[in-house]
Amino acid sequence: MNVADQLKLSRVLDRKFSSIVRKTRTRMKVAYIVTVENLAGTPVTLQLNDRIPVSENKAIRIDKVRITPRSAKPDHKGLLSWDLTLAPRQK
């Protein structure tokens with residue numbers, strides 16, 4: 001059995017904290033909820049990776065990016081990485 005078979009991952013748009021405002025400039029606010037659940041009966045150690053937007057166009061500005069937990073710091077390409085250890089059945 002593969003460890004990945006015992007993990008349940010989800011990344012869902014949080015509509016409560018996301019919005020689009022169209023005026024002179026379009027402003028998007030986007031929030032995601034990422035969850036990992038260990039379905040196994042034993043502890044699992046894993047590395048979770050995600051990405052935040054990074055603009056390559058000077059006309060597009062990305063600011064006020066908040067990441068929780070704050071221990072993850074994005075690299076220059078916007079890649080985030082968390083090292084996690086989940087107990088059995090922990091979410």
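- Contact between G41 and P88 at its shortest, heavy atoms only, is O-CG, 3.4 Å.
- With sequence neighbours excluded, the residues forming a side chain to side chain donor-acceptor pair (under 3.5 Å) with R11 are D50, listed by chain and number.
- A search for side chain to side chain donor-acceptor pair (under 3.5 Å) contacts involving T35 returns S10, not counting sequence neighbours.
- The closest side-chain heavy-atom distance from L84 to T45 is not below 4.5 Å.
- Listed by chain and number, the residues in a side chain to side chain contact (heavy atoms under 4.5 Å, CB included) with E56 amount to none (sequence neighbours excluded).
- Under the 4.5 Å side-chain heavy-atom criterion for ILVMFWY residues, a single connected hydrophobic cluster contains both I52 and L48.
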Derivation of the side-chain contact (heavy atoms from CB on, under 4.5 Å) call for L7 and V44: CA-CA 9 Å; L7 294 175; V44 173; 4.0 Å; yes
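- The shortest side-chain heavy-atom distance between L80 and N49 does not fall under the 4.5 Å cut-off.
- Here D75 pairs with nothing under the side chain to side chain donor-acceptor pair (under 3.5 Å) rule; sequence neighbours left out.
- Within the 4.5 Å cutoff, side-chain heavy atoms of W82 are placed close to those of I67.
- Members clustered with I20: L13, M28, V30, Y32, by chain and number, using a 4.5 Å side-chain heavy-atom cutoff among hydrophobic residues.
- Between R51 and K77, the closest side-chain pair of non-hydrogen atoms falls below 4.5 Å.
- Evaluation of the salt bridge (charged side-chain N to carboxylate O under 4.0 Å, His left out) test over residues 27-48, restricted to residues two or more places apart or in two chains, returns none.
- Atom-to-atom distance recorded for L46:CG and L86:CG is 5.5 Å, nearest 0.5 angstrom.
- Applying the side-chain hydrogen bond (donor to acceptor under 3.5 Å, both in side chains) test to every pair with at least one member in residues 15-25, sequence neighbours left out, gives no pairs at all.
- Considering only residues two or more places apart in sequence or on other chains, D63 meets the side chain to side chain donor-acceptor pair (under 3.5 Å) condition with R61.
- Take I62 and apply the side chain to side chain contact (heavy atoms under 4.5 Å, CB included) test, not counting sequence neighbours, and it matches P53, S55, V65.
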